[in-house]
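Below is one structure, written out as structure tokens, with a few remarks after it.
We're numbering straight along the sequence, starting at 1.
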Amino acid sequence: MRKLFFLIIFLVYNPCLFSAEPDSLKTISTQIIEDSSKVIYYLKLSSDKTYNFTDAVNYANYALNLSSKLNYLRGQANALNRLGTLWKYLGNYPKSIEYHLLELRIWQKLGDTHKIADADCSIGETYRANRMMNLALEYLNKALATQISIKDTLGQALALNRIAAINYELSEGDSVKLKSTVNNSTKSLELAFYLKNNGLISNNYNILGASYRMTGNFNKSLYYLFKSIEYMNTDSIKLDKPLVLINIAYCYKSMKKYSKAIPYAEESFQLAKKSGVNIYQRESAMILSQLYRELGNYQKAYDYLCASTNTHDAIYSKEKEDQIIAIHTKYELENKEKENEILRQKNHIRELEQNRLSTFLIILSVFTGLALILIYLIYQRNRSIRKINVSLKEKNNEIKNKNNILNDLNATKDKFFSIIAHDLRNPLSSFKQSIEIILSKMENLSFKELKINLAHLGKSADNVFSLLENLLVWSRSQRGIITYEPEQIDLLLLVKNTINFFSQNAAAKNIKVINSIEGRNFVWCDINMILTVLRNLLSNAIKFTFPNGKITLESKIVTNEISLNSGQSENASPDAFIEICIRDTGIGISDKDIAKLFRIDSAYSTFGTASEQGTGLGLILCKEFVERNGGIIRVESCQGEGSSFFFTLPRYDNI
């Protein structure tokens, strides 16, 4: 491998090697030591277009013999591929088929899917050249299917091109087959342009040109045929240009332009004769014979007819066709024999495995019986242990659950006392200070000053009363004293009563309260709970709205609300809720503080626009009571612009 590596490095970094003349290549061959490298080298010489076909065949045979001695399978397969291709161009189809079938067998042995598909394509092309179209299509379609599965774009383009060629040769003017020819050739052409493969582009243009000639579209035919010559590379000029020239000559012949056709046919004949491609010599001689006959030059017509006939006999004969059939049959029989041998070996292996399995099953049965007895004894012993463990685990879980409940109760209790300590301190402190001021300055206070201080005392008393009322309700709720007793409630009436309850508070700050709740909005809820919710939310709205501000109460029907309460009335619509909104133009709430709302562990409170004090416990009660009634509460707010509190209640369907 090291020598091969250095050989590749030498080839890559020595540009003179690739531009060397044949004599130079022969000189370099003496410098190559490793035999496997010589195989690669001989294959390169065989592909060198400066050599004639005889030399190319000799170099391919050198590569085959050397790789056979080395048991170098890839070298053998590549040499067989080269020989199959060369003998096809030389018109010896039996040899070509034989070499390609041997190549295919090696690639199958190596499991090289790409190369198997390439070999199938080469075999199909050789059968096509020998006019054995059914076998040709069988191999080419198999190659195309493999190339599509392995995403081999070049392989697909080549297979489509050859299938198009077969359809053209089978068409004999049939429009369906010609359409199939054009479709396959067009697909191949698209792939060839994608691959920038000029040789394949040229070949597809040639097929398209020949197809359009058969349809009588001679101008389009000539366009594609001359495009084919335009895209020809060195290989195409040497090997395929004669065929394109023949098609051009046939096109002019169909147009009855015999004199114009003869130069193309003559050039084709000379190129084919020079390259040694017998099939093109035969075809070009045939059309030349036809053209000279049309022009009345019967001597030349006869001479070319003889040349065509002689070449045809060299390529096609019953003997050669029989040879090909024999080679193919032998290949198929050998494949069958190999398959049968593999099947016999598999059957023998299966019998041995079955015998081993029988012995193993007997031993396994004995051990299984002993194991089952042992397992039963262990099971009986562990069963009593498991019962004890299950009992202990249940008791531990019970203790753990009770501990969790106690921990939650302690946390709630601690937060409860924290709220009381925080929210009672300020109003009571204010209450105390107001009393001290009145007592200490009673004699010096005017009636107006006394009235102001008494008003402060009233506000402090209201705050303390509001807190105590909420604490009492929350405490009763936590102890389960408050029961859920839903009924059909007229929402409009409930809202009106709540607004009336706070009318003086709103008037004191000159706040306009707008009731936009429409009539006949019936909800299914506990009236005491929802009244507590409305009073808390409206009280907060008044508290945090600036003087001369506005508070709006609205409602609308919403659907697909997630119900938190499973005890709804059979008359409650399960997919319809009424959403109540209390919207104010107050100070608003920041996003950070919104997250603290409705939580006992972070009760949020702040001063109102007239220094009113809040408790923070009211919103916690609102959330609990709304959810107890099967609804959801949420808030939308923007600092400085106001807040909107929304909550939903099940709609009562009384219609």
Side-chain angles (χ1 to χ4, degrees), residues 462 466 469-470 473 482 484-546 548-559 561 563-565 568-569 571-573 576-586 597-598 608 612 614 618-637 642-655:
D462 286 342
S466 176
E469 186 179 30
N470 279 336
V473 173
I482 298 178
Y484 171 64
E485 298 179 356
E487 58 182 305
Q488 177 187 355
I489 302 296
D490 185 342
L491 181 62
L492 178 60
L493 184 60
L494 195 65
V495 170
K496 281 182 178 179
N497 290 337
T498 305
I499 293 173
N500 291 335
F501 185 80
F502 289 101
S503 59
Q504 290 184 357
N505 301 55
K509 296 177 74 174
N510 198 26
I511 294 172
K512 187 176 182 180
V513 180
I514 302 171
N515 182 9
S516 296
I517 305 292
E518 296 181 356
R520 299 200 57 78
N521 272 326
F522 291 95
V523 292
W524 182 257
C525 66
D526 184 304
I527 188 169
N528 293 319
M529 291 184 183
I530 300 308
L531 193 57
T532 300
V533 172
L534 284 169
R535 285 179 178 178
N536 270 288
L537 293 179
L538 187 55
S539 173
N540 284 347
I542 294 170
K543 188 182 300 179
F544 297 110
T545 298
F546 295 105
N548 303 314
K550 182 174 69 172
I551 298 171
T552 306
L553 286 87
E554 304 168 339
S555 70
K556 66 177 180 180
I557 296 174
V558 295
T559 57
E561 190 68 50
S563 175
L564 299 176
N565 179 45
Q568 294 180 2
S569 163
N571 292 322
S573 301
F577 288 72
I578 292 181
E579 183 179 72
I580 299 96
C581 172
I582 300 176
R583 195 185 315 276
D584 64 59
T585 57
L597 300 178
F598 311 119
E612 302 100 323
L619 289 179
I620 296 168
L621 277 173
C622 289
K623 181 177 187 298
E624 183 169 336
F625 285 167
V626 168
E627 290 180 354
R628 284 281 297 276
N629 282 271
I632 291 174
I633 189 167
R634 62 188 178 89
V635 61
E636 294 177 3
S637 184
S643 303
S644 297
F645 282 83
F646 303 85
F647 68 94
T648 58
L649 293 173
R651 181 186 176 200
Y652 188 88
D653 189 359
N654 64 339
I655 298 175

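For Glu636, the side-chain hydrogen bond (donor to acceptor under 3.5 Å, both in side chains) criterion is met by Arg634, not counting sequence neighbours.
A donor-acceptor pair is defined here as one N or O able to donate and one able to accept, closer than 3.5 Å; no such pair exists between the side chain of Ser643 and the backbone of Ser637. In terms of modelled atom types and a separation under 3.5 Å, the side chain of Lys509 and the main chain of Ile542 share a donor-acceptor contact. Using a distance-only test at 3.5 Å, with no hydrogens or angles considered, no donor-acceptor pair links the side chain of Ser539 to the main chain of Asn536. Between the Asp584 side chain and the Gly642 main chain, no donor and acceptor come within less than 3.5 Å of each other. With hydrogens and angles ignored, the 3.5 Å screen pairs no side-chain donor or acceptor of Asn521 with any backbone N or O of Leu492. For the pair Thr498 (side chain) and Leu494 (backbone), a donor-acceptor distance under 3.5 Å is present.
The two residues Lys550 and Thr545 make their nearest non-hydrogen contact at N-CG2, 4.0 Å. Across Gly549 and Thr585, no two heavy atoms sit closer than the pair CA-OG1, 3.7 Å. Between Phe645 and Leu619, the shortest heavy-atom distance links the atoms CE2-CD2, 3.9 Å. Between Pro486 and Trp524, the closest heavy-atom pair is CB-NE1, 3.4 Å. The shortest non-hydrogen separation linking Asp526 to Glu485 is OD2-N, 2.8 Å.
When side chains are defined from C-beta on, Asn505 does not count as touching Leu538, because their heavy atoms never get closer than 4.5 Å. Side-chain contact check for Asp490 versus Phe522: some heavy-atom pair is nearer than 4.5 Å.
Taking CD1 of Ile517 as the start and CD of Glu554 as the end, the distance is 7.5 Å to the nearest 0.5 Å. For the atom pair Thr532 OG1 and Leu621 CG, the distance stands at 7.5 Å (nearest 0.5 Å). Summarising the geometry, atom CD1 belonging to Ile530 is positioned 6.0 Å from atom CZ belonging to Phe647; distances are rounded to the nearest 0.5 Å. A distance of 10.0 Å separates CD1 in Ile633 from CG in Leu649, rounded to the nearest 0.5 Å. Atom OG of Ser555 and atom CZ of Phe646 lie 12.0 Å apart (nearest 0.5 Å). Here the CD1-CG distance, from Ile620 to Leu597, works out to 9.5 Å after rounding to the nearest 0.5 Å.
For the side-chain contact (heavy atoms from CB on, under 4.5 Å) criterion with Ile499, the lone passing option out of Ile514, Ile551, Asn515 is Asn515.
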Next on the checklist: Working note: Tyr652 + Glu487, criterion side-chain contact (heavy atoms from CB on, under 4.5 Å); need CA distance, chi angles, decisive distance, verdict.
Outcome noted: CA-CA 9 Å; Tyr652 188 88; Glu487 58 182 305; over 6 Å; no
